[in-house]
Amino acid sequence: MKALAKKNLADALALLAGQATVWVPAKVAGVTRFAPWSPAVTLDLEATPPAVSPKEILLPETESLYRYSAYGMDVTFEAVEQEVPPTIIWGIHSCDVQAILCQDDVFLSREPQDAAYAKRRAATTLVALACTTPGPDCFCTSMGLEPAEHASTDVQLHILTDGYGVEARTARGEEIVARLAEKGLLVETIEPPAKAQACTRAVNPEGIDKKLVEMFEHPYWDELAATCLNCGACTFLCPTCHCFDLTDHRRNAHEGTKIRCWDACMFTEYTVMAGGHNPRPGKKERVRQRFMHKLRYFPERYGKWQCTGCGRCVARCPVHIEITDVIKEVGEVTLDG
Amino acid sequence: MKELHNVNVAMRTLARELLESGTVAGVYGWKKGSRPTLTSPLYIQDAAKADRLAYDQYAVSNLSALLLDHRNNDKKRAIFVKGCDSRGVVRLLQDQQITPEQVLVIGLPCPGMVDEAGSLLTKCAECRFPNPVMADQVLGGVEVSKQPSAPTGVTAEAARKVGVGSRAGERMAQVAQLEGKTAAEKEAYWAEQHDKCIRCYACRNVCPACNCRDCIFDTEKKGWVSKAATSSANAFFAITRAMHVAGRCVDCGECERVCPMDIPIMTVNRKLQQDIEALFGPYDAGVDETVVPPLGRYQTDDPEEFL
């Protein structure tokens with residue numbers, strides 16, 4: 001296997017950054033999140049996982065879609081063309097690679113494809129980093145993942161004593177590896193990569209997607225929702241939550257820009273319809289939707305869990321509503337008949 | 001924690017009695033979480049579940065804002081409170097979000113809350129009101145006090161040992177540190193903090209002072225604020241939130257604890273407390289229900305140096 005020594009990491013990132021925006025896990029204002037690499041960035045490759053997922057790279061918190069103007073009958077629309085540079089996400093873990101596959105299902109797998117997402121995704125190369133030391137809330141193995149590697153990345157980095165084993169998995173990955181090799185940044189090694197330690201948390205989600213079909217009206221949701229604050233911390237930190245709102249940046253009554261920004265099923269306003277009716281009027285309906293979506297609707301539609309076990313929602317829920325508990329408790333619920 | 005063993009037994013017994021007798025329709029307390037170092041909010045309506053109640057040095061959550069879920073409901077709910085939590089209940093009563101008939105407040109002695117590593121929380125080291133400021137009943141021998149006081153009750157000694165209130169005099173230290181910066185430095189500091197905000201509204205939703213029925217940040221169609229999480233919209237949210245709780249913030253620190261982006265929200269709240277005290281004299285919000293917040297009353301001798 002080829003290897004990149006730790007001392008060559010900065011050179012490797014600088015080389016790649018010459019031709020692409022290279023997002024790396026970094027400390028930004030005290031929080032570990034993905035940031036475009038520059039020599040000034042403080043790398044943090046140890047965070048398992050980074051506090052903020054790389055979701056915002058492919059699905060920005062806010063993006064402009066088109067400009068409009070409407071004076072009387074004189075109506076114009078003008079698309080806002082996004083400049084999408086070649087992009088590399090370096091140091092992404094299995095949980096977040098899997099989350100991108102979930103986003104691909106939503107935005108690309110059926111017609112019509114989401115043009116803005118498709119453009120960014122096509123320009124993006126994933127360089128995954130093995131995750132060998134799980135954080136206190138990690139449970140990706142329970143959701144069927146392998147923390148040490150992911151099959152659907154372009155390049156997989158393995159952890160070695162003093163560097164990273166480098167393994168290309170796609171033609172695009174081969175290109176990156178070839179560029180690093182060409183500059184003499186890679187050496188051959190026979191060192192076996194570090195194995196991943198067991199995840200801290202373990203749950204068994206087997207069969208709960210089917211069980212949830214019978215649980216829409218179950219009193220369990222009342223109990224679960226009673227202490228929920230209905231904030232959006234869980235959904236906004238989640239690497240797979242993808243709900244958005246289309247709204248306006250109004251310049252005046254006639255002109256403005258149509259924008260897309262993150263939204264969340266946890267918010268009352270999210271489901272308010274024209275005329276004022278809200279089909280999810282209370283906390284119970286909203287909390288139920290979040291877990292039903294992740295553990296039942298998404299598996300029904302796309303054949304995979306919409307939870308990758310990254311544990312971010314578990315770590316930061318203000319009232320400790322933990323999806324691991326939900327999986328366990330739904331499994332234990334006794335259904336009548 | 002052994003000092004609280006009998007308190008835990010008494011909490012479960014009391015909750016069971018209150019629910020069985022129909023005195024209350026529900027009880028807010030805490031339960032043990034998925035780790036020994038987590039104690040999470042719990043709401044029970046069934047007396048059979050009273051045994052799940054638990055209280056220890058990890059029960060940091062202030063449950064008072066959850067009472068807002070029942071503000072349109074005449075039934076009574078019981079709530080267990082530490083000193084800081086009790087000020088949240090006073091906030092709701094004074095703001096007429098709930099009536100005394102809707103809530104039964106049960107005061108608990110506070111041993112000082114610690115993080116998962118076992119270190120005393122900064123807010124507890126800086127605490128001036130470790131005892132409930134109001135309660136219908138108390139457990140564990142805690143004394144109700146509307147004055148800044150030392151911890152009382154069965155955990156008084158434990159609280160003193162870990163340093164509850166030991167840094168009360170330094171609670172404005174972070175404000176002073178920021179005040180020492182130039183305007184440009186302060187602007188850069190807050191811009192960096194506000195840029196992090198993901199507009200999850202956890203700070204607002206956990207706050208007993210943020211009790212508007214319709215928050216302007218949920219009514220986008222009116223066009224006062226953009227839903228987009230841009231730097232300027234985030235700053236607008238942060239400033240609006242801070243100014244709206246000015247003089248009403250009960251200093252429980254929950255906004256800062258729940259912020260997933262670790263924005264130092266309490267520094268802003270404390271700065272406003274400091275300014276209000278400088279303008280209107282000493283005032284502790286959420287302590288005495290009969291004392292109107294300084295920004296909620298007009299007196300002819302109010303300072304008006306900006307006119």
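In what follows, chains carry the letters A, B, and so on, assigned in the order in which the sequence lines appear, proteins first and then strands, with residues in each chain numbered from 1. Values reported hereafter were calculated over all heavy atoms of this structure, with side chains retained and with hydrogens, waters and symmetry mates removed.
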message: What verdict does the side-chain contact (heavy atoms from CB on, under 4.5 Å) test give for A/Val319 and B/Val258, after you've listed the backbone C-alpha separation in whole Å, the side-chain angles of each residue and the deciding distance to 0.1 Å?
response: CA-CA 9 Å; A/Val319 296; B/Val258 303; over 6 Å; no

message: Nearest 0.5 angstrom please: A/Met266 CE to B/Asn205 CG, how far?
response: 11.0 Å

- prompt: Hey, what do you get for CG (B/Asp218) to CG (A/Asn230), rounding to the nearest 0.5 Å?
  reply: 10.0 Å

field: Per-residue contact mode, B/Ile263 against chain A (heavy atom under 4.5 angstrom)
entry: neither

query: Is there side-chain contact between A/Thr227 and B/Lys31, with at least one heavy-atom pair below 4.5 Å?
result: no

message: Using the side chain to side chain donor-acceptor pair (under 3.5 Å) criterion, which residues pair with B/Glu256? Sequence neighbours excluded.
response: none

- prompt: What residue, out of A/Ala29, A/Cys261, A/Ala226, has the most heavy-atom pairs lying under 4.5 Å from chain B?
  reply: A/Ala29

Heavy-atom contact with chain B under 4.5 Å, split by part of A/Asp222: neither

- request: Can you tell which part of A/Cys231 gets under 4.5 Å to a heavy atom of chain B, answering side chain, backbone, both or neither?
  value: both

field: Region of A/Arg260 that comes under 4.5 Å of a non-hydrogen atom in chain B
entry: neither

- prompt: For A/Cys317, is it the side chain, the backbone, both or neither that has a heavy atom under 4.5 Å from a heavy atom of chain B?
  reply: neither

task: Locate the shortest heavy-atom distance separating B/Arg257 from A/Pro318; write the atom from each residue and the value.
output: NH2-O, 3.2 Å

message: Main chain of A/Val31, side chain of B/Lys196: is a donor-acceptor contact present, judged purely on distance under 3.5 Å?
response: no

message: Tell me if the CG atom of B/Asp74 is crowded by more than 12 foreign heavy atoms within 6.0 Å.
response: no

CZ (B/Arg71) with more than 12 external heavy atoms under 6.0 Å: yes

Approximate separation, where rounding is to 0.5 Å, of A/Phe236 CZ and B/Arg199 CZ: 9.0 Å

field: Exam field: side chain B/Ser40 to backbone A/His320, donor-acceptor pair closer than 3.5 Å
entry: no

task: Quick one: do A/Leu229 and B/Leu66 satisfy side-chain contact (heavy atoms from CB on, under 4.5 Å)? Show the steps, please.
output: CA-CA 7 Å; A/Leu229 299 173; B/Leu66 289 167; 4.1 Å; yes

query: For A/Glu46, does the CD atom have more than 12 heavy-atom neighbours from other residues, nucleotides or ligands under 6.0 Å away?
result: no

Other residues, nucleotides, ligands: >12 heavy atoms within 6.0 Å of B/Glu187 CD: no

- prompt: Should B/Lys227 and A/Asp248 count as an ion pair when the cut-off is N to O under 4.0 Å?
  reply: no

statement: When the 4.5 angstrom heavy-atom criterion is applied to A/Ala233 and chain B, the contacting part is both

- prompt: Does some side-chain heavy atom of B/Met261 sit less than 4.5 Å from a side-chain heavy atom of A/Val52?
  reply: yes

message: Side chains of B/Ser34 and A/Arg201, heavy atoms from C-beta outward: is any pair under 4.5 Å?
response: yes

NZ (B/Lys186) with more than 12 external heavy atoms under 6.0 Å: yes

task: Answer yes or no: does atom NE2 of B/His244 have more than 12 heavy-atom neighbours from other residues, nucleotides or ligands under 6.0 Å?
output: no

- prompt: Between B/Asp195 and A/Val28, is any pair of side-chain heavy atoms under 4.5 Å apart?
  reply: no

query: NZ of A/Lys283 to CG of B/Asp69: how many Å apart, nearest 0.5 Å?
result: 3.5 Å

query: Is it the side chain or the backbone of A/Ala51 that comes within 4.5 Å of chain B heavy atoms, both, or neither?
result: neither

- request: Find the one option among A/Asp263, A/Thr324, A/Ile321 whose heavy-atom pairs under 4.5 Å with chain B are most numerous.
  value: A/Asp263

statement: d(A/Arg316 CZ, B/Cys259 SG) to nearest 0.5 Å is 7.0 Å

- prompt: Is chain B contacted by the side chain of A/Glu223, its backbone, both, or neither, given a heavy-atom distance below 4.5 Å?
  reply: side chain

field: Check: B/Arg35 side chain, A/Pro136 main-chain N or O, donor-acceptor pair, under 3.5 Å
entry: yes

task: Working to the nearest 0.5 Å, report the span between CZ of A/Phe267 and SG of B/Cys215.
output: 10.5 Å

